[in-house]
2 protein chains.
Amino acid sequence: MLAPSSVVDALYDAVRHRIVNGELVGGEKLTEARLTGEYGVARTTAKACLERLTTAGLLRRTAHRTAVVTELGAAEVSDLYFARLAVEGAAVRRLAERRDLPATATAAQAQVVSAVDAHDFRRQAEADMAFHAALVNGAGSERLSRMHGLIMGEVHLTMGQSRAHLVPGRSAVGDEHDAILAAVLAGDAAGAVAALETHLAHAQSRVQARLARAAAQQDAQQEAQQQADPGAAN
Amino acid sequence: MLAPSSVVDALYDAVRHRIVNGELVGGEKLTEARLTGEYGVARTTAKACLERLTTAGLLRRTAHRTAVVTELGAAEVSDLYFARLAVEGAAVRRLAERRDLPATATAAQAQVVSAVDAHDFRRQAEADMAFHAALVNGAGSERLSRMHGLIMGEVHLTMGQSRAHLVPGRSAVGDEHDAILAAVLAGDAAGAVAALETHLAHAQSRVQARLARAAAQQDAQQEAQQQADPGAAN
DNA sequence: CAAGACTGATTGTTAGACAATTTGCTGCGC
DNA sequence: GCGCAGCAAATTGTCTAACAATCAGTCTTG
């Protein structure tokens with residue numbers, strides 16, 4: 001893993017990690033001056049970095065307004081997974097048609113299983129991302145990979161938010177990944193896509209459930225606060 | 001159509017138009033200094049613009065090297081259409097499942113037909129882009145639209161190169177568009193996707209044929225030159 | 001004739017400046 | 001007390017100028 005030669009690249013990676021690791025929480029503001037101060041770079045560089053993070057979906061920004069760390073709502077998560085299925089589905093279909101099982105995918109899958117066994121959520125998330133990226137890259141379409149990269153930043157975001165999530169069953173994730181790989185290997189395009197679809201549906205429902213819990217918790221907090229200080233009600 | 005409020009936006013649009021209209025030909029170099037001089041903007045602005053054009057696929061650039069206008073080869077066109085089918089296919093499938101015919105799509109289709117009748121190739125290309133964009137946007141997925149935008153720049157490129165192309169049959173394009181819309185309206189998801197697939201396949205084969213002709217022509221030119229000056233070979 | 005050094009062009013990054021815009025606050029009138 | 005105009009601070013958008021790093025071609029030299 002070589003260090004990025006460009007300052008903008010390095011800064012991008014640094015901030016990206018802080019975001020997906022939850023160090024920079026959703027809704028937090030990120031001014032150009034802040035990056036300038038924290039990393040000792042020129043404002044021009046900071047601006048370029050923010051622009052990239054914005055196109056990657058990790059930040060939201062409109063003209064003349066400060067960039068804020070993306071906070072995905074239920075509808076947006078749903079949209080994200082729809083787009084994800086479109087891209088990964090195309091990749092998996094092609095892989096199955098060619099009976100081409102990318103070595104990187106099986107390697108990543110092994111990492112997932114190992115991380116699950118070790119209860120290492122961070123590593124599991126990374127390996128899961130690597131697995132899906134391997135499927136798409138394995139399809140050998142530069143543009144499909146680019147499109148995938150465009151949305152995987154946001155996907156990573158939903159995983160960062162789930163650091164403390166419960167492990168589903170024993171390891172539904174591992175089994176579902178295996179099902180996809182098996183169908184690909186069998187040359188069963190429709191089956192592979194179907195397996196991918198159910199896998200993504202499960203993943204999404206976990207995210208949505210956690211989102212709903214978080215929203216309920218926040219509501220409860222607000223209510224409690226309101227009861228303690230009724231005058232401050234909107 | 002409001003003028004872009006940002007200088008970078010305006011510059012981006014201006015250069016983009018010059019590229020897709022063939023004024024800036026494939027392989028041509030675009031330095032930051034050149035934009036600075038031609039448009040009277042700061043180099044910072046020019047650089048930001050070039051970066052955007054690069055992510056849109058209209059330019060190619062590697063670190064420390066001058067950006068050049070993208071020139072698509074046969075393999076890249078094939079890849080482009082594969083990615084395109086993945087995105088537009090997902091959109092059309094969703095539209096059919098909802099039996100949702102976007103008004104913008106039918107409007108764009110009318111424009112296509114009218115442009116075909118008028119033999120106005122430029123307008124036909126624009127309307128065709130608008131039609132496909134309307135299908136995707138009609139699906140209502142922000143991320144799918146973003147991904148589509150990521151590759152439509154390159155698609156536009158292939159159309160700009162075909163300014164002088166022959167009209168296929170009478171208007172296969174119009175009929176194929178109609179077939180897609182009909183299937184969507186009938187709620188026939190599989191049929192709509194299939195219609196889209198054949199449409200895109202035809203479109204691609206036209207582009208590839210033109211590409212092959214151009215390559216053959218270039219070879220012939222090279223050969224003639226070589227015969228006139230044999231010593232300069234290789 | 002080939003390998004290496006030099007030169008010009010180009011990009012990457014920084015610093016500082018100013019205009020335009022947004023935002024939060026202040027104070028005014030009601 | 002409340003809404004609203006306006007002001008001040010913060011922030012972004014763009015520009016100018018400069019220097020270092022890198023690349024492409026040329027030129028020298030053995």
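For the numbers below, each heavy atom of this structure counts, side chains included, while hydrogens, waters and symmetry mates do not. Lettering follows sequence order; numbering is per chain, from 1.
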Original post:
Going by the side chain to side chain donor-acceptor pair (under 3.5 Å) test, which pairs reach into residues 25-34 of chain B, not counting sequence neighbours?
Top reply: B:Glu28-B:Arg34, B:Glu32-B:Arg43, B:Glu32-B:Lys47, B:Glu32-B:Arg61, B:Arg34-B:Glu38
Subject >> side-chain hydrogen bond (donor to acceptor under 3.5 Å, both in side chains) partners of A:His64, counting only residues at least two apart >> reply: none
**OP:** In sequence, state the C-alpha distance, the side-chain angles, and the governing distance for A:His132 and A:His199, and then conclude on side-chain hydrogen bond (donor to acceptor under 3.5 Å, both in side chains).
**Re:** CA-CA 11 Å; A:His132 288 273; A:His199 173 51; 3.2 Å; yes
Subject >> Residues forming a side-chain hydrogen bond (donor to acceptor under 3.5 Å, both in side chains) with A:Arg65, sequence neighbours excluded >> reply: A:Thr62
Original post:
On DNA chain D, which is the earliest and which the latest nucleotide, 5' to 3', with an atom closer than 4.0 Å to a heavy atom of chain B?
Top reply: D:dT14 to D:dA24
Subject >> A:Glu126: salt bridge (charged side-chain N to carboxylate O under 4.0 Å, His left out) partners, not counting sequence neighbours >> reply: none
Original post:
Does C:dA9 have OP1 or OP2 sitting under 4.0 Å from an N or O in the side chain of B:Thr66?
Top reply: no
Grab the N/O contacts between the protein and nucleotides 17-22 of chain C below 3.5 Å, and write none if there aren't any.
unit_1	atom_1	unit_2	atom_2	d
C:dA17	N6	A:Arg43	NH2	3.3

**OP:** Identify, between A:Lys29 and A:Val7, the residue whose nearest nucleotide on DNA chain C lies closer to the 5' end.
**Re:** A:Val7
Report, one line per pair, each donor and acceptor closer than 3.5 Å where one atom sits in a side chain of residues 135-142 of chain B; sequence neighbours left out.
unit_1	atom_1	unit_2	atom_2	d
B:Asn137	OD1	B:Ser145	OG	2.8
B:Asn137	ND2	B:Ala133	O	3.2
B:Ser141	OG	A:Asp79	OD1	2.5
B:Ser141	OG	B:Leu144	N	3.1

Subject >> Residue-level proximity of residues 50-57 of chain A to DNA chain C when a heavy atom falls under 4.0 Å >> reply: none
Original post:
Any side-chain N or O of A:Thr45 less than 4.0 Å from the OP1 or OP2 oxygen of C:dT14?
Top reply: yes
Original post:
Which residues pass the side chain to side chain contact (heavy atoms under 4.5 Å, CB included) test with B:Arg93, sequence neighbours left out?
Top reply: B:Glu97, B:Ala189, B:Val193
Subject >> Set of side-chain hydrogen bond (donor to acceptor under 3.5 Å, both in side chains) partners for B:Ser114, sequence neighbours left out >> reply: B:Arg123
Subject >> Listed partners of B:Val7 passing side chain to side chain contact (heavy atoms under 4.5 Å, CB included), at least two apart >> reply: B:Val41, B:Thr45
Original post:
Nearest-Å distance, CG (B:Leu59) to P (C:dT11)?
Top reply: 11 Å
Original post:
Does B:Asp100 have any side-chain hydrogen bond (donor to acceptor under 3.5 Å, both in side chains) partners at least two apart in sequence or in another chain, and if so, which?
Top reply: none
Subject >> Interatomic distance where CG belongs to A:Asp9 and C1' belongs to C:dT13 [whole Å] >> reply: 13 Å
Original post:
Within the structure shown, what part of the strands sits under 4.0 Å from A:Arg34 by heavy-atom distance: base, sugar-phosphate, or nothing?
Top reply: nothing
Subject >> Pairwise side-chain contact, B:Gln109 with B:Asp128, heavy-atom cut-off 4.5 Å (strictly under) >> reply: no
Subject >> Rounded interatomic separation in angstrom, taking CD from A:Glu32 and P from C:dT14 >> reply: 14 Å
**OP:** Determine the contact category for B:Thr31: base if any of its heavy atoms lies under 4.0 Å from a base atom, sugar-phosphate if only primed atoms, P, OP1 or OP2 are that close, otherwise nothing.
**Re:** sugar-phosphate
